Amino acid sequence: MHVIRNTGIIQRILAESSTKKIGICGYDRAALSLEKLLHNMGADVSIFVVLEDDYEDYEDERVIGVEGLKDWAKGSLFLIEPHFARVYVKYKHALRDMGLTEWEDYVHIFSSTIHEDLIIKHPDWLDVNLGVLWKQDQDGFRIFGSDREDAYTIVTLGGSNTYADWLVYAKSWSELLYEKFRDNGRENVKILCGGAPGFGSTQELMKFLRDVVPMKPDLVLCYSGLNDVVDSHGDFCDTGSGYPFAFPRLLQRLERFAEDAESRLPLYIGRKSEQSVEDIWILNQKIMHFVAQEMEIEFYTFLQPMLYYRNYRIDPELAVKLEELKKNDRFRYAFEHREAFCNTVKERTAELDYIIDFTGIYDGYSKLFIDGSHVNEWGNQIIADRIFDFIKQKLTGSRQNGSD
């Protein structure tokens, strides 16, 4: 039995969902809770496989019997088995008899967290501005550290690489950054992690203006860049096509509402912009920095590292996963465009001291990336260490210049 720890299984499933259909074994509480989790993360479930012969009695048309797996071409489906060992063994034998191979065609991911408590922790809210809201401790933020009113307050923004509640039991870099402050005698620090899966720089900007500015934190740290590249091509997101405010998860929800309405209304996504993805990313950082200055908030953006750029050593296991991702047009384009994006951004922001190049922090390392985008806890620790050192230098420089 495989248990979720730092293996990145959920991220692996999300990666598989870009090239294969996703199925779940069973149609019970565990299976439906897992479906809810995956749906929140952007991966829809195509089928539920049950052992019962009377599977046709289920009202959900996605429910099929094990024999129905014969209709799926080898390699087109990835199955997930979320049950206790005794149930898992039954499915394992059935799947094996169908010629399916564990870890290649299916995976067992039972965790005690795949129950209703998980859904309570991660409700699928619809954010009217940003799409899906993954509620954390407080209004979309996960809080680490001091609860004192005079605490030095830091807000972190970004996508899933900043998000603090991935189901892999790996500490986020925001939590590890707080621990760095605590271990260095700065316990009166509070970090509010506002990263969210799938967020690009335009969503980061909107969350900053709407939710962060009214908090009046001392410092805002944005770890960004990758999602702008990934979502800059294909039907999933129209950012690269000139519609930076057309957020895919929000559009998907609105389209479903429109389909359910008696009179379907067309969705308007704004005027088309001729700006490139690099233009959009840089402009969003400039706007956040300008507003932060006006509100006397310290602001910094870290251009995040990306695979196939700089000198990260890709291990053989990861290389296989990446080759599969390259078969998907959207991800292949993203891999090919990362170098151009990073080089352009770095060249055009070289004089801006609030945009920091982090693209090389993993140079020489291996076995940090667990898929095409995300890193494990060791990777998050490197981010936290580097950001802590950067903040420390900035604070030291401010004191040397006679400021607070």
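Along the sequence shown, the residues carry numbers beginning at 1. None of the values given here were measured: they were computed from a predicted structure.
Sorted by first and then second residue, the ring pair (Phe, Tyr, Trp, His ring centres under 6.0 Å) pairs with a member in residues 56-76 read Tyr27-Tyr58; sequence neighbours excluded.
Between Ala384 and Leu176 the shortest heavy-atom distance is CB-CB, 3.7 Å. Nearest heavy atom pair, residue Glu204 against residue Ser224, reads OE1-OG, 2.9 Å. Residue Asn188 comes nearest to Ser146 through the heavy atom pair OD1-OG, 3.0 Å, listed as atom of the first residue, atom of the second, then distance. In this structure, Ala31 and Phe48 approach most closely via the heavy-atom pair O-CE2, 4.1 Å. Considering all non-hydrogen atoms of both residues, Cys25 and Leu95 come closest at SG-CD1, 4.0 Å. Annotation for Ser373 and Leu226: closest pair CB-CD2, 3.5 Å, computed over non-hydrogen atoms.
At least one donor-acceptor pair closer than 3.5 Å links the side chain of Gln285 to the backbone N or O of Trp281. One N or O on the side chain of Gln203 and one on the backbone of Gly200 form a donor-acceptor pair closer than 3.5 Å. Of the possible donor and acceptor atoms, none in the side chain of Arg62 sits under 3.5 Å from a partner among the backbone N and O of Ser46. The main-chain N or O of Gly99 is found under 3.5 Å from a side-chain atom of Lys74 such that the two form a donor-acceptor pair. Between the side chain of Asn284 and the backbone N or O of Leu205 there is no donor-acceptor pair closer than 3.5 Å. Looking at Tyr300, its side chain never comes within 3.5 Å of a backbone N or O of Ile387 through a donor-acceptor pair.
Taking the side chain as every heavy atom from C-beta outward, Glu16 and Ile13 never approach each other to under 4.5 Å. Side chains of Val66 and Leu51 form a contact here, defined as non-hydrogen atoms less than 4.5 Å apart. With contacts defined as side-chain heavy-atom distances shorter than 4.5 Å, the pair Leu303/Phe341 qualifies. At a threshold of 4.5 Å between non-hydrogen side-chain atoms, the residues Leu368 and Asn376 count as touching. Between Val107 and Phe78, some side-chain heavy-atom pair lies under the 4.5 Å cut-off. A 4.5 Å side-chain heavy-atom check between Asn161 and His374 finds at least one atom pair inside the cut-off. The shortest distance between side-chain heavy atoms of Phe199 and Tyr163 does not fall below 4.5 Å. Side-chain contact between Tyr309 and Asn343: present, with at least one pair of heavy atoms (C-beta onward) separated by less than 4.5 Å.
Residue Asp60 places its CG atom among more than 12 non-hydrogen atoms of other residues, nucleotides or ligands, all under 6.0 Å distant. Under a cut-off of 6.0 angstrom, the local environment of NZ in Lys346 is crowded, with over 12 non-hydrogen atoms contributed by other residues, nucleotides or ligands. Atom CD of Glu179 sits in a crowded spot, with more than 12 heavy atoms from other residues, nucleotides or ligands closer than 6.0 Å. Counting heavy-atom neighbours within 6.0 Å of Lys21 NZ, excluding the residue itself, gives a total of 12 or less.
No option in Asp385, Thr162, Asn380 other than Thr162 meets the side chain to side chain donor-acceptor pair (under 3.5 Å) test with Trp173.
Residues forming a side-chain contact (heavy atoms from CB on, under 4.5 Å) with Asp363 (at least two apart in sequence, or on another chain): Arg310, Asn311. Checked against side-chain contact (heavy atoms from CB on, under 4.5 Å), Lys216 has the following partners two or more places apart in sequence or in another chain: Met295. Listed by chain and residue number, Leu307, Tyr308, Tyr312, Leu318, Ala319, Leu322 satisfy the side-chain contact (heavy atoms from CB on, under 4.5 Å) test with Ile314 (two or more places apart in sequence, or in another chain). Evaluation of the side-chain contact (heavy atoms from CB on, under 4.5 Å) rule for Arg332 yields Asp329, Glu336 as partners, not counting sequence neighbours.
With respect to Glu81 and Lys92, no salt bridge is recorded, no charged nitrogen being found less than 4.0 Å from a carboxylate O. Between Glu324 and Lys321, none of the side-chain N atoms (NZ, or NE/NH1/NH2) sits under 4.0 Å from a carboxylate O, so this pair counts as no salt bridge. Taking 4.0 Å as the cut-off between side-chain N and carboxylate O, Glu298 and Lys394 do not count as a salt-bridged pair. Salt bridge Asp127/Arg210: present, at least one basic N to carboxylate O contact under 4.0 Å.
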Before giving the answer on side chain to side chain contact (heavy atoms under 4.5 Å, CB included), spell out for Phe144 and Ser172 the whole-Å C-alpha distance, their side-chain angles and the decisive distance to 0.1 Å. CA-CA 11 Å; Phe144 304 103; Ser172 67; 4.0 Å; yes
Step by step, work out the side chain to side chain contact (heavy atoms under 4.5 Å, CB included) result for Asp105 and Leu79. CA-CA 6 Å; Asp105 303 306; Leu79 279 168; over 6 Å; no
Would you check, one step at a time, whether the test side chain to side chain contact (heavy atoms under 4.5 Å, CB included) holds for Ser18 with Leu325? CA-CA 7 Å; Ser18 68; Leu325 282 177; 3.2 Å; yes
Assess whether side chain to side chain contact (heavy atoms under 4.5 Å, CB included) is satisfied between Met306 and Cys342, documenting all intermediate values. CA-CA 9 Å; Met306 306 181 195; Cys342 291; 3.8 Å; yes
Step by step, work out the salt bridge (Lys or Arg N to Asp or Glu O under 4.0 Å) result for Lys180 and Asp389. CA-CA 10 Å; Lys180 291 284 292 186; Asp389 290 341; 5.3 Å; no
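Cation-pi geometry between Lys207 and Phe141 is satisfied (NZ or CZ under 6.0 Å from the ring centre, within 45° of the ring normal).
Considering CD1 of Ile297 and CG of Leu219, their distance stands at 9.5 Å, rounded to 0.5 Å. Residue Leu34 holds its CG atom at 13.0 Å from NE2 of His39, rounded to the nearest 0.5 Å. Here the NZ-CD distance, from Lys367 to Glu317, works out to 8.0 Å after rounding to the nearest 0.5 Å. Rounded to the nearest 0.5 angstrom, Thr153 OG1 and Arg148 CZ are separated by 11.0 Å. Taking CG from Leu283 and CE from Met288, the interatomic distance works out to 10.0 Å, rounded to the nearest 0.5 Å. For the atom pair His337 NE2 and Thr344 OG1, the distance stands at 7.0 Å (nearest 0.5 Å).
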Using residues 348-356 as the side-chain source, report each donor-acceptor pair under 3.5 Å to any protein atom, sequence neighbours left out, with the distance given to one decimal.
{"residue": "Arg348", "atom": "NH1", "partner": "Asp279", "partner atom": "OD1", "Å": "2.7"}
{"residue": "Arg348", "atom": "NH2", "partner": "Asp279", "partner atom": "OD1", "Å": "3.1"}
{"residue": "Thr349", "atom": "OG1", "partner": "Val345", "partner atom": "O", "Å": "2.6"}

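In this pair, Tyr365 and Tyr362 present their aromatic rings perpendicular. The plane angle is above 60°, beyond the 30 to 60° band.
Aromatic ring centres of Phe302 and Phe390: separated by under 6.0 Å.
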